[in-house]
Amino acid sequence: MAKEKEGTDKPAKNGVPGYDAVDIQVLKGLEHVRKRPAMYIGDISTRGLHHLVYEVIDNAIDEALAGHCDKITLTLNKDASVTVTDNGRGIPTDIHPTEKISALEVVMTQLNAGGKFNRDSYKVSGGLHGVGVSVVNALSEWLEAEVVRDGKVYYQKYVRGTPQAKVKTTGNAKKTGTKITFFPDNEIFKITTFKFETLEERLRELAYLNKDLTIIIKDERTDGTGKTSEFHYKGGLVDFVKYLDESEKSFSGKPIYMSGEKENVQVEVAFQYNDSYNDNIYTFVNNINTHEGGTHLEGFKAALTRTLNNYGIKNNLIKSDKITLTGDDFREGLTCVISIKVPEPQFEGQTKTKLGNSEVKGIVQSITGEALGNFLEENPSVARKIIDKCLRAAEAREAARKARELTRRKNALEISGLPGKLADCSIKDPAQCELYLVEGDSAGGSAKQGRDRRFQAILPLRGKILNVEKARINKILENEEIRSIVTAIGAGLGNSDEFDESKIRYDKIILMCDADVDGSHIRTLLLTFFYRHMKEIVETQRLYIAQPPLYKIKKGKTELYAYDEREREEILKSFKADKSAPVKETENENEEIPEASVSGTHKGIAISRFKGLGEMNPEQLWTTTMNPETRTIVLVTNENASAADKIFRVLMGEEVEPRRKFIEENAKYANLDV
Ligand code: 0RA
């Protein structure tokens, strides 16, 4: 995509005064961004909208990486615009030697103008982000840039990417910096409301990754939360690991930190071990989250496996003739953040978040291997605890292998190989099929009767399923309910080489639980299971949550269902307004809603609250919750892995205090919990 201009010769004028080929090309550039915004920012949903902010922030981060900026402020303004201020060097404003206009205008109006400036060192650009601030400008109804540089304040305003006047000076000022205010174009974005929490999460992450940086976010919108957060973490990655592991007990003391630099690649790693059975490794390259991993991750894993194994054998902790430990064993209970800075990162993979630079593996491996070796020698008691944990993981893995073997043999004995409780659908094409996982046998029975058996399969689940957050893989595989889920889906246990996506038997897997506390607990347990052990199902957008109604409201022969309090009120209002069967006003508007099954009367109107799915008859269940024409189902997404992961760990993990805090802080959203 990069359009490099060679030499300094301007192409010949084409006859139109004030226009030459370069200008036309420039115009075409931003026009193309407006025509095909998704090519530049991924999509035009809320995600793309937030990308605009990240783009400007990343430019400020580049200033920080170059050592020129230590404070970034983001403000969500009253008028719905956004301001990003930084104290970097300021976008250059002098006349550009070849473009013959202010460099500020070049940066704001030309695609990939970054290449025209010598912004030294590690750039964020080139990755997921890094399309340039000109893209933000093109996709904004208006944008104002204010630069403080060389003792002056410079200013320029743009409308949909077009400058409204030349760059002018508006005053004098000391110091340096850039302030960009933009108003996302509602011709491009359907939704132009920023989500404070989404931005906050990324800014917090950036502050952890750049320990000298202070990042502030302010919500000044009239209908906003009025929240302000300031992030500054002196401990950097060490603080990040503590934050990620807030809900777990570390047994390796405070996070182990190591850093080094080789061939211009800076490496920083912090990690600790906790009592859980999961590993959580987050990797970043130039502050970009490399979700798909890459050579830096490979290097670290190799160093961890080799160094711990060598230490264990040398100190007689691992008897290599008895047991062989795998990389997975050395990562059980590991929480780790790897952050590296590479001058020319190459990003690969489906979402361009996998580091490809081959030289990086060896660099990370040697820096972290050496540092870990020293740490183990200096901290033998921690070393022993870590090796112990790894040995237990290996034993469990061996037990799990045997359990799986057993399942396979058992399944081979059953004719269909499918769980007995599963009421399968008759259509065999997975693309058309749905699997309902239903809480309780009685609701399962209604669902079996109410369903469209051609494409809907029902698997009733009895009681609570196992909390996989607190169990090793062998225990998980011993669990009856989990085994039937895995066999019904048909692709094997996820997150492993054994998983075969092409064998998934359903296009949608829908969790259907009661709308009460127990139901929401079971739903969380199921979500945890899918998130941890069948991530592929979440990632391929197959997992959904059914939305059963909370109330049935009946007047005469008319029966309506309400899915929340607001709908209940609306239906009541419409019933009362309906003159065909006059109803006297209730004397008390706040009359208590009768408990389950017991019908309450609002003078001719009967409201009943469904306590559980089991209370609905098959036909009700079909119309309200299962009929694709009338039901609502909510897709489970995995937008922000680190945030979702943290929520699971807080809710399902060991420590009680963070859980209490989380529930208290989020109690008001409790009925939205997904
Ligand atoms: C081009 C060159 C230089 C800095 C920037 C752009 C720059 C862009 C943004 C966007 C938001 N804040 C920013 N700060 C700086 C290098 C400047 C120099 O070499 O002096």
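What you see is a predicted model; the values in this text were computed from it and never measured. Side-chain atoms are counted along with the backbone in the values below, which use heavy atoms only and exclude waters and symmetry mates. Note that ligands are numbered from 1 as they come in the structure, with each ligand's atoms numbered from 1 the same way.
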Colleague: Assign the ring pair Tyr233 / Tyr208 to parallel, tilted or perpendicular, where the plane angle (0 to 90°) is split at 30° and 60°.
Modeller: parallel

Colleague: Can you list the residues that meet the side-chain hydrogen bond (donor to acceptor under 3.5 Å, both in side chains) rule with Asn87, with sequence neighbours excluded?
Modeller: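 Result, side-chain hydrogen bond (donor to acceptor under 3.5 Å, both in side chains) vs Asn87: Asp70.
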
Colleague: Knowing that exactly one of Asp58, Asn210, Asp62 qualifies, which makes a side-chain contact (heavy atoms from CB on, under 4.5 Å) with Asn287?
Modeller: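 Exactly one pass, corresponding to Asn210.
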
Colleague: I want to confirm something. Looking only at heavy atoms, which of Glu55, Arg149, Met108 is nearest to atom 20 (O) of ligand 1?
Modeller: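 Checking each option, the heavy atom nearest atom 20 (O) of ligand 1 is found in Arg149.
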
Colleague: Measuring from the heavy atoms of Pro92, does anything fall under 4.0 Å of ligand 1?
Modeller: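 Pro92: in contact with ligand 1 (<4.0 Å).
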
Colleague: Under 4.0 Å from a heavy atom of Asp86: which atoms of ligand 1 are those, numbered in the order shown and with their elements?
Modeller: 11 (C), 12 (N), 13 (C)

Colleague: How would you list all residue pairs meeting side chain to side chain donor-acceptor pair (under 3.5 Å) that involve residues 145-157, not counting sequence neighbours?
Modeller: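 Non-adjacent pairs meeting side chain to side chain donor-acceptor pair (under 3.5 Å): Glu105-Gln156, Glu144-Tyr155, Gln156-Tyr158.
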
